[in-house]
Asks: 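Could you have a look at this structure, given as structure tokens, before my questions?
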Amino acid sequence: MGEVDPAFIQDPDHRPKLSITEVEGIPLIDLTPIISPDSISDPKAVEAVVREIGNACRDWGFFQVINHGVVLDKLRKIETAARKFFALPLEEKRKIRRDEKSVLGYYDSERTKNVRDWKEVFDFTVEEPTLVPASPDPEDKEETEWYNQWPEHPPELREVCEEYAREVEKLALKLMGLIALSLGLPENRFSSYFKDQTTSVRLNHYPVCPSPQLALGVGRHKDGGALTVLAQDDIGGLEVRRKTDGAWIRVKPTPNAYIINVGDSIQVWTNEKYQSVEHRVMVNSEKERFSIPYRLNPSHYTIIKPLEELINEQNLAKYRPYSWGKFMTNRKLSNFKKLNVENIQIHHFRVSE
């Protein structure tokens, strides 16, 4: 066993258990009725899918989808390019290392809950440039633009990333429509929030770790945005905290499936009818692992608050409105420095009862 730098070591309470709880649980939903050209003619099959998605969002906050319409060739291409990129020498990758000024690109010292993650990443946004607030300060009205940093090698990385993002965007927006329907709302209820989206895609590489019982690929966290569409390889490592008992459940890889989870924004929009749940990533002492999360995020000027249609005198709004852009830029700061305070969370906006 090699030595692990103390920066990576989790508190004893949060260290992973190497015995795996892999149970049937996270729902696997077949989207054929939605994606196939005949879907118009079978409203009952569509209703069944909408109901399955609503149940999964309510009970788990996570589900997997198959027959999702994403062209698998695009996924294979981005996976191959990601492996080539991460195989480059460190000095080559660090030529596009991100920092507080250029927040996109390569990074190898990210922290979650102030503990360093056992991973390296490459981040890019779907809209270029992406418009965001210049600072988290509520009084500062200035905007800035984020631009992607692309490496020289592999030369095809930019094109395959952009093609893949366009392909997954269709699925992510389709899923937002199905979630709206599951809430009894019009299918396009969320559409306006994504006009100038701040959506990003990440390529993750989790190297082999000598002490998988001490470190995590990503520590426990919830996603702040709307929806995450995750492609993972066949190694597996994603664990979800089960709502019923708090146990960590390993998500078994399903070939050609996407793992979907609702983010904090949906939790607030639905006034907690659907809740985002904690998840984390295990590392492996024998095999490296790759994954690609597509994180669907609203425009920076979106004010996140419970939807009027879902609140009434019996179900009062549980959150104060907040700016998505300010929330996101505040979160970004913690990527670059160890903070002495808890990173901003939606519970900071929760109305006390």
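Numbers here are sequence positions counted from 1.
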Asks: Within the structure provided, determine whether Asp42 and Pro33 are in side-chain contact (heavy-atom separation under 4.5 Å).
Replies: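 Side-chain contact under 4.5 Å: no.
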Asks: Is the shortest side-chain N to carboxylate O distance from Glu163 to Lys77 below 4.0 Å?
Replies: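 No, Glu163 and Lys77 are not salt-bridged.
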Asks: Is there side-chain contact between Leu216 and Asp117, with heavy atoms separated by less than 4.5 Å?
Replies: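 No. Closest side-chain heavy atoms not under 4.5 Å.
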Asks: Give the cluster check for Leu72 versus Val201: same hydrophobic cluster or not, with ILVMFWY residues linked at side-chain heavy-atom distances below 4.5 Å.
Replies: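 Yes; Val201 is reachable from Leu72 via cluster members.
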Asks: For the pair Asn256 and Ile66, evaluate side chain to side chain contact (heavy atoms under 4.5 Å, CB included) and give the outcome as yes or no after the intermediate values.
Replies: CA-CA 7 Å; Asn256 302 330; Ile66 52 171; over 6 Å; no
Asks: Among all residues two or more places apart in sequence or in another chain, which pass the side chain to side chain contact (heavy atoms under 4.5 Å, CB included) test with Arg58?
Replies: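 By the side chain to side chain contact (heavy atoms under 4.5 Å, CB included) rule, Arg58 matches Asn55, Tyr274.
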Asks: Report the C-alpha distance between Val277 and Asn261 in whole Å, list the side-chain angles of each, state the deciding distance to 0.1 Å, and finish with yes or no for side chain to side chain contact (heavy atoms under 4.5 Å, CB included).
Replies: CA-CA 8 Å; Val277 296; Asn261 65 284; over 6 Å; no
Asks: Strictly by salt bridge (Lys or Arg N to Asp or Glu O under 4.0 Å), give each pair with a member in residues 285-302 just once, sequence neighbours left out.
Replies: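 Only Asp123-Arg295 qualify under salt bridge (Lys or Arg N to Asp or Glu O under 4.0 Å).
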Asks: Taking ring-ring contact (aromatic ring centres under 6.0 Å, His included) as the definition, give me every residue that meets it alongside Trp269, ordered by chain and number, with sequence neighbours left out.
Replies: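 Listed in chain order: Phe190, Tyr193.
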Asks: In Å, rounded to the nearest 0.5 Å, how long is the span from OH of Tyr106 to CD of Glu120?
Replies: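 Tyr106 atom OH to Glu120 atom CD measures 3.5 Å (nearest 0.5 Å).
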Asks: Does any part of the side chain of Phe62, heavy atoms only, come nearer than 4.5 Å to the side chain of Leu238, both counted from C-beta?
Replies: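 Yes, side chains in contact.
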Asks: Hey, are the side chains of Val121 and Arg98 touching, using non-hydrogen atoms and a 4.5 Å cut-off?
Replies: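 Yes, at least one pair of side-chain atoms sits under 4.5 Å.
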Asks: Treat each ILVMFWY residue as a node, draw an edge where side-chain heavy atoms are under 4.5 Å apart, and state whether Leu157 and Leu90 are in one component.
Replies: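 Yes, because Leu157 and Leu90 connect within a single hydrophobic cluster, where side-chain heavy atoms sit under 4.5 Å apart.
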Asks: Do Lys326 side-chain atoms and Ser135 backbone N/O form a donor-acceptor pair below 3.5 Å?
Replies: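 Yes; judged by distance alone, with no hydrogens or angles, the pair exists.
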Asks: Nearest 0.5 Å, please: how far is CG in Asp264 from NE2 in His347?
Replies: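 The NE2 atom of His347 sits 9.5 Å away from the CG atom of Asp264.
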Asks: How close do Ser109 and Arg97 get, heavy atom to heavy atom, and via which atoms?
Replies: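 Looking at all heavy atoms of both residues, the closest pair is OG-NH2, 2.9 Å.
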Asks: Answer whether the closest heavy-atom distance between the side chains of Leu31 and Leu171 falls below 4.5 Å.
Replies: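 A side-chain contact under 4.5 Å exists here.
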Asks: Is the side chain of Arg280 donor-acceptor paired with the backbone N or O of Gly217 at a distance under 3.5 Å, no angle test?
Replies: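 Such a contact is absent between Arg280 side chain and Gly217 backbone.
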Asks: Determine whether more than 12 heavy atoms belonging to other residues, nucleotides or ligands lie under 6.0 Å from atom NZ of Lys222.
Replies: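 Yes, enclosed.
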Asks: Identify, with sequence neighbours excluded, every residue that meets side chain to side chain contact (heavy atoms under 4.5 Å, CB included) alongside Thr125.
Replies: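 Applying side chain to side chain contact (heavy atoms under 4.5 Å, CB included) to Thr125 gives Leu104, Thr130, Trp146, Asn148, Ser200.
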Asks: For the CG atom of Leu230 and the CD1 atom of Ile259, what is their distance to the nearest 0.5 Å?
Replies: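 Answer for the CG-CD1 pair, Leu230 versus Ile259, is 5.0 Å.
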Asks: Heavy-atom distance under 4.5 Å between the side chains of Ser299 and Lys195, does that happen here?
Replies: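 Result no, sub-4.5 Å side-chain heavy-atom pair not found.
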Asks: So does Leu316 get a backbone contact from the side chain of Asn271, meaning a donor-acceptor N/O pair under 3.5 Å?
Replies: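 Pair found, side chain donor or acceptor close to backbone of Leu316.
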Asks: When the side chains of residues 305-312 are checked against the rest of the protein, which donor-acceptor pairs come out under 3.5 Å, sequence neighbours left out?
Replies:
{"unit_1": "Glu309", "atom_1": "OE1", "unit_2": "Arg189", "atom_2": "NH2", "d": "3.2"}
{"unit_1": "Glu309", "atom_1": "OE2", "unit_2": "Arg189", "atom_2": "NE", "d": "2.5"}
{"unit_1": "Asn312", "atom_1": "OD1", "unit_2": "Gln314", "atom_2": "N", "d": "2.9"}
{"unit_1": "Asn312", "atom_1": "OD1", "unit_2": "Asn315", "atom_2": "N", "d": "2.7"}

Asks: Assess the side chains of Glu272 and Tyr319: does a donor N or O sit below 3.5 Å from an acceptor N or O?
Replies: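 There is such a pair (donor and acceptor under 3.5 Å, judged by atom type) between the side chains of Glu272 and Tyr319.
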Asks: Do you know the tightest heavy-atom contact between Leu227 and Ala172?
Replies: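 In this case the closest contact between Leu227 and Ala172 is CD2-O, 3.6 Å.
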Asks: Listed by chain and number, what are the ring-ring contact (aromatic ring centres under 6.0 Å, His included) partners of Phe86, not counting sequence neighbours?
Replies: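 Scan of Phe86 (ring-ring contact (aromatic ring centres under 6.0 Å, His included), adjacent residues dropped) gives His205.
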Asks: May I ask you to decide if Asn297's main-chain N or O and Thr199's side chain share a donor-acceptor pair within less than 3.5 Å?
Replies: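 The answer is yes, because a donor-acceptor pair under 3.5 Å joins these two groups.
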Asks: Treating Arg320 as the side-chain partner and His348 as the backbone partner, does any N or O pair qualify as donor plus acceptor under 3.5 Å?
Replies: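 Checking the backbone N and O of His348 against the side chain of Arg320, a donor-acceptor pair under 3.5 Å is found.
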Asks: Treating Thr198 as the side-chain partner and Pro298 as the backbone partner, does any N or O pair qualify as donor plus acceptor under 3.5 Å?
Replies: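 Such a contact is found between Thr198 side chain and Pro298 backbone.
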Asks: Within this structure, what is the CG-SG distance for the pair Leu203 and Cys161, rounded to the nearest 0.5 Å?
Replies: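 Going from the CG atom of Leu203 to the SG atom of Cys161 covers 5.0 Å.
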Asks: By side-chain hydrogen bond (donor to acceptor under 3.5 Å, both in side chains), which residues pair with Tyr294, not counting sequence neighbours?
Replies: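 Scan of Tyr294 (side-chain hydrogen bond (donor to acceptor under 3.5 Å, both in side chains), adjacent residues dropped) gives none.
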Asks: How close do Phe327 and Gly224 get, counting heavy atoms only, and between which atoms?
Replies: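 Closest approach of Phe327 to Gly224, heavy atoms only: CE2-CA, 4.3 Å.
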Asks: Not counting sequence neighbours, which residues clear side chain to side chain contact (heavy atoms under 4.5 Å, CB included) with Lys84? List them please.
Replies: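 Partners of Lys84 under the side chain to side chain contact (heavy atoms under 4.5 Å, CB included) test: Thr80, Pro154, Glu156.
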Asks: Measure the CZ-CD distance between Arg350 and Gln345 for me, rounded to the nearest 0.5 Å.
Replies: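 Here the rounded value is 14.0 Å.
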Asks: Under 4.5 Å between side-chain heavy atoms, counting indirect links through other Ile/Leu/Val/Met/Phe/Trp/Tyr residues: same cluster for Ile235 and Tyr206 or not?
Replies: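 Each belongs to a different hydrophobic cluster.
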Asks: Spell out, as yes or no, whether a donor-acceptor pair under 3.5 Å connects the side chain of Gln64 to the backbone of Ile26.
Replies: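 No, because the side chain of Gln64 does not come within donor-acceptor range (under 3.5 Å) of the backbone of Ile26.
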Asks: Heavy atoms only: give me the nearest Thr228-Pro293 pair and the separation to one decimal.
Replies: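 Looks like CG2-CB, 3.9 Å.
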Asks: Working note: Val126 + Val168, criterion side chain to side chain contact (heavy atoms under 4.5 Å, CB included); need CA distance, chi angles, decisive distance, verdict.
Replies: CA-CA 11 Å; Val126 172; Val168 178; over 6 Å; no
Asks: Check whether any side-chain heavy atom of Trp248 sits under 4.5 Å from a side-chain heavy atom of Arg242, and report yes or no.
Replies: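 Trp248 vs Arg242: side chains apart.
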Asks: Between His68 (side chain only) and Ile35 (backbone N and O only), is there a donor and an acceptor less than 3.5 Å apart?
Replies: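 Checking the backbone N and O of Ile35 against the side chain of His68, no donor-acceptor pair under 3.5 Å is found.
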Asks: Considering residues at least two apart in sequence or located in another chain, which fulfil the side-chain hydrogen bond (donor to acceptor under 3.5 Å, both in side chains) criterion with His279?
Replies: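 For His279, the residues satisfying side-chain hydrogen bond (donor to acceptor under 3.5 Å, both in side chains) (neighbours in sequence not counted) are His221, Asp223.
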Asks: Considering non-hydrogen atoms only, spot the tightest contact between Asp140 and Ala134 and give its length.
Replies: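 So the two residues come closest at OD2-CB, 4.2 Å.
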Asks: Please answer whether the main-chain N or O of Ser211 pairs with a side-chain N or O of Ser285 as donor and acceptor at a distance below 3.5 Å.
Replies: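 No; zero donor-acceptor contacts below 3.5 Å.
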Asks: Name every donor-acceptor pair, under 3.5 Å, that has one atom in a side chain of residues 173-180 and the other anywhere in the protein, sequence neighbours excluded.
Replies:
none

Asks: Which atom names give the shortest non-hydrogen contact between Ser276 and Gly263, and what distance separates them?
Replies: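 The pair with the smallest heavy-atom distance is CB-C, 3.5 Å.
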Asks: Keeping the roles fixed (side chain from Trp118, backbone from Pro207), state whether a donor-acceptor pair exists under 3.5 Å.
Replies: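 Confirmed, Trp118 side chain pairs with Pro207 backbone.
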Asks: With side chain to side chain contact (heavy atoms under 4.5 Å, CB included) as the criterion, how do Ile292 and Glu79 come out once you've worked through the C-alpha distance, each side chain's angles and the decisive distance to 0.1 Å?
Replies: CA-CA 8 Å; Ile292 308 168; Glu79 285 173 338; 4.1 Å; yes
Asks: Less than 4.5 Å apart, any side-chain heavy atom of Trp60 and any of Lys243?
Replies: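 SC-SC contact between Trp60 and Lys243 ruled out.
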Asks: Sequence neighbours excluded, which residues qualify as ring-ring contact (aromatic ring centres under 6.0 Å, His included) partners of Phe349?
Replies: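 Counting only residues at least two positions away or on another chain, Phe349 forms a ring-ring contact (aromatic ring centres under 6.0 Å, His included) with Tyr322.
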Asks: In chain order, what residues pass the side chain to side chain contact (heavy atoms under 4.5 Å, CB included) check against Leu131, with sequence neighbours excluded?
Replies: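 With neighbours one apart ignored, the set is Glu143, Glu145, His300.
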Asks: Look up atom OG1 in Thr32 and atom CD1 in Ile29, then write down how far apart they are to the nearest 0.5 Å.
Replies: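 One finds 12.0 Å between OG1 of Thr32 and CD1 of Ile29.
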